[in-house]
S.K.: 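Structure in structure tokens, see below.
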Amino acid sequence: MLAMRVRFAPSPTGNIHIGNIRTAIFNWLAARSCGGEFLLRIEDTDRERSTDEAVQALFGVMEWMGLTFDGEPVYQSAQREAHLTAAESLLEGGHAYRFAKGDGGEATLLRFPWNTAGLPFVVDTESVELELHADEPVCVDQTGVSYSLRTRKGKPAPQQGTLAGFKGLQLYNAAGTLLLGLDDEVGGILDGTVAHEVAGAVRMVFQRREVQFTDLVKGHLSKPLDSMRDQVIVRSDGNPVFHLANVCDDIAMEISHVIRGDDHVENTFRHVFLYASLGAKLPQFAHLPMIVNQQGRPYSKRDGDAYVGDFRAKGYQPDALFNYLTLLGWSPGHDVEYMPRPELIAAFALDRVISSPAQMDFRKLLDFNGRYLADLPFAEFANAAWAAAADEDWAGGEREFFDQVALLLQTRTKLFTDVAGWAPFFVETLTYDEKAVRKHLAKDGVADRLRALAAAFSGLEAFDVAGIESAIHGVTEAAEMKQGKLNQPIRVALTGQSVGAGIYETAALLGRERVLARLEAGIAQAG
RNA sequence: GCCCCUAUCGUCUAGACGGCCUAGGACGCCAGGUUCUCAUCCUGGUAACACCGGUUCGAAUCCGGUUGGGGGUACCA
């Protein structure tokens, strides 16, 4: 088997969201897990909406996520001539025709071939017999067959399908007389010289044909050809449409596996004909389940939700987001979910991707982020925390002291924005959490104990962790309290908060002078 | 309307051959523990096979139907 060549093909029409980047991740993992190549193609043919800023943002996001691509990015807009040339050759080979639909000029349409003998992905299935609505005519021309079924209430329900979907079509009237046999005149219809409008038909019979392909994720898929319509490949204004451009580029880039979102499944039934008409070999297809938002709808650029850049701005670790996203629609098959990138590369396989949509769980992502932060080498953690603190009022103190605080809090940090909560180490005047004050400080006897503690602290020879611990123990023993009962009141007095790092370490780091001042302020709060 | 896909705890998921599933793991939540607290850590608990039929000695697992969800049905990508 040839090496795997995959591509990520976003259109730069806005910020890239979580669904897009997950597609990129799976492509990247598929390639990296088997030594294949991961290419980037920027589908910028929608010139009105494609902006250079969006392209730069795309590069930024990919770099941040560590999604390295091979070779130079391909810009689809630069391939326009190739697309048009392909359309021209399709026209010359009889695989396409020009037709004026509506009031526009002539567009170029791909013709699903009447003769499917050489196409392994089209098979004849059952013979179909349909009751028609007699009031509506059946129209047969080179664009296809249009007819009307009856709804339950007896109203006409218009249908339309490509000519090739109606092999052996026969139309009958109520008396059972054959009104039209398609196969006899298909030649003229195909070249556009003959068209029929048949009135009074109540019954149609034809041989159904199905288009089939095997998806690496979803398995064997099929769709009746009579439910499909001929596909415009070049608009009447002369611009190639997405389907043509996409397939031409994938052929030109020699893509072996097309890995994309579930929303492209239906397109694939049409794309296989394009590959065949262009004389190209079919790639393998893998359609990934959509990632849906809290409302159960797929993320879209229009909703402006869940941009990857937002996660970056909020201080998420790219590796944590990467790891988390990998678990949406895929699982390694064992119980370990926390998998650094090399493990992910080793474990990833397309055949373990599932096919139903997944919803983001931001809490689980946060948990992953906390684990990745805890596992960061300390120097890296401290640098990033320092950078994250730059926007705080208290930023810019001594780096050595900051590092000591960071060391104390690394394992408890879920997100770098949490450093805002480190303020008690860096500011003079505390902001008290009212709830914490009420619960821990404003209780009978607390003020007395804090006074006793202040005295004990003052008498301490060395204001270190061991000394602080024994001083606290001394006070609780004298008050006949349970060990640790005084810790939360002390914490609230020293930090204004009910949560934080170990209290002895916190006190030691704050230093005797500040601790004493805060105890006094705390006593005032305790009233 | 028509076509395609899909359905296990609140969420992400495990569950190749039907019995090892009185359905496992993770997040969340709850409780307890770490002879000092907490957002760390440890232990325990909570909670699911959409519904109805069928096949079978036996079904979350196979088949059919219903319902729900998603996608498509464009001279959008």
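Numbers restart at 1 for each chain; the letters A, B, ... are given by sequence-line order, proteins then strands.
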S.K.: Applying side-chain hydrogen bond (donor to acceptor under 3.5 Å, both in side chains), name anything that partners Arg363(A), two or more places apart in sequence or on another chain.
M.R.: none

S.K.: Let me know, please, whether Val241(A) or Phe269(A) comes out on the 5' side of the other along RNA chain B by nearest nucleotide.
M.R.: Phe269(A)

S.K.: Rounded to whole angstroms, how far apart are CG on Asp226(A) and P on U73(B)?
M.R.: 17 Å

S.K.: Sticking with atom P, work out how far A74(B) lies from A14(B), rounded to a whole angstrom.
M.R.: 35 Å

S.K.: I'd like the C1' distance from A47(B) over to U11(B), given in whole Å.
M.R.: 12 Å

S.K.: Provide, to the nearest angstrom, the distance between the CD atom belonging to Gln294(A) and the P atom belonging to C12(B).
M.R.: 10 Å

S.K.: Say you pick atom C1' in G45(B) and the same atom in C27(B); how far apart are they, in whole Å?
M.R.: 16 Å

S.K.: Can you find a donor-acceptor N/O pair under 3.5 angstrom joining the side chain of Ser236(A) to the base of C75(B)?
M.R.: yes

S.K.: Expressed in whole Å, how much space separates the P atoms belonging to U66(B) and U43(B)?
M.R.: 48 Å

S.K.: Using the side-chain hydrogen bond (donor to acceptor under 3.5 Å, both in side chains) criterion, which residues pair with Arg208(A)? Sequence neighbours excluded.
M.R.: Asp226(A)

S.K.: Could you please name the partner base of C62(B), counting Watson-Crick and G-U wobble pairs only when both distances are under 3.5 Å?
M.R.: G54(B)

S.K.: Quote, to the nearest angstrom, the P distance that separates G28(B) from U40(B).
M.R.: 8 Å

S.K.: Closer than 3.5 angstrom, by distance alone: can the side chain of Asp262(A) be matched with the main-chain N or O of His287(A) as a donor-acceptor pair?
M.R.: no

S.K.: For Phe381(A) and Phe416(A), I'd like to know if the aromatic rings sit close, meaning centre-to-centre distance below 6.0 Å.
M.R.: yes

S.K.: Check the surroundings of atom CD in Glu126(A): do more than 12 heavy atoms from other residues, nucleotides or ligands lie under 6.0 Å from it?
M.R.: yes

S.K.: Figure out the CE/C1' separation between Met228(A) and G72(B), and round it to whole Å.
M.R.: 11 Å

S.K.: Any chance you could list the contact pattern along nucleotides 64-71 of chain B? Use B for base contacts, S for sugar-phosphate-only contacts and - for none, protein heavy atoms under 4.0 Å, 5' to 3'.
M.R.: ------SB

S.K.: Under 6.0 Å between ring centres, would you say that holds for Phe121(A) and Phe273(A)?
M.R.: yes

S.K.: Flag the pair Arg203(A) and Glu131(A) as a salt bridge only when some basic side-chain nitrogen lies within less than 4.0 angstrom of an acidic carboxylate oxygen.
M.R.: no

S.K.: Are Tyr316(A) and Tyr372(A), when compared by the centres of their aromatic rings, separated by less than 6.0 Å?
M.R.: no

S.K.: If the condition is side-chain hydrogen bond (donor to acceptor under 3.5 Å, both in side chains), which residues does Asp135(A) pass it with, not counting sequence neighbours?
M.R.: none

S.K.: Scan the side chains in residues 240-251 of chain A for donor-acceptor partners under 3.5 Å anywhere in the protein, sequence neighbours excluded, and list what turns up.
M.R.:
unit_1	atom_1	unit_2	atom_2	d
His243(A)	ND1	His271(A)	NE2	2.8
Asn246(A)	OD1	Arg260(A)	NH2	3.4
Asn246(A)	ND2	Glu43(A)	OE2	3.2
Asp249(A)	OD1	His83(A)	NE2	2.8
Asp249(A)	OD2	Gln76(A)	NE2	2.8
Asp250(A)	OD1	Arg7(A)	NE	2.9
Asp250(A)	OD1	Arg41(A)	NH1	2.7
Asp250(A)	OD1	Arg41(A)	NH2	3.2
Asp250(A)	OD2	Arg7(A)	NE	3.4
Asp250(A)	OD2	Arg7(A)	NH2	2.8

S.K.: With a 3.5 angstrom cut-off on both distances, give the Watson-Crick or G-U wobble partner of A7(B), or none if there isn't one.
M.R.: U67(B)

S.K.: For the P atoms, the ones on C52(B) and on G15(B), what distance do you get once it is rounded to whole angstrom?
M.R.: 26 Å

S.K.: Considering heavy-atom distances to RNA chain B, does Glu505(A) or Gln76(A) have its closest nucleotide positioned more toward the 5' end?
M.R.: Glu505(A)

S.K.: Between P on U6(B) and CG on Leu288(A), what's the gap in Å once rounded to a whole number?
M.R.: 14 Å

S.K.: May I ask you to check whether Trp330(A) and Phe348(A) place their ring centers less than 6.0 Å from one another?
M.R.: yes

S.K.: Taking CZ from Arg229(A) and C1' from G72(B), how many angstroms apart are they, rounded to a whole number?
M.R.: 13 Å

S.K.: What interatomic distance, in whole Å, is found between C1' of G69(B) and the corresponding atom of U8(B)?
M.R.: 15 Å

S.K.: What does nucleotides 19-30 of chain B look like as a protein-contact string, B for base, S for sugar-phosphate only, - for none, at under 4.0 angstrom between heavy atoms?
M.R.: ------BBBS--

S.K.: Should G1(B) form a Watson-Crick or G-U wobble pair with both distances under 3.5 Å, which nucleotide is its partner?
M.R.: U73(B)

S.K.: When the C1' atoms of A50(B) and A31(B) are compared, how many Å lie between them, rounded to an integer?
M.R.: 32 Å

S.K.: His271(A) NE2 to A77(B) P: how many Å, rounded?
M.R.: 11 Å

S.K.: C29(B) pairs with which nucleotide, Watson-Crick or G-U wobble, both distances below 3.5 Å?
M.R.: G45(B)

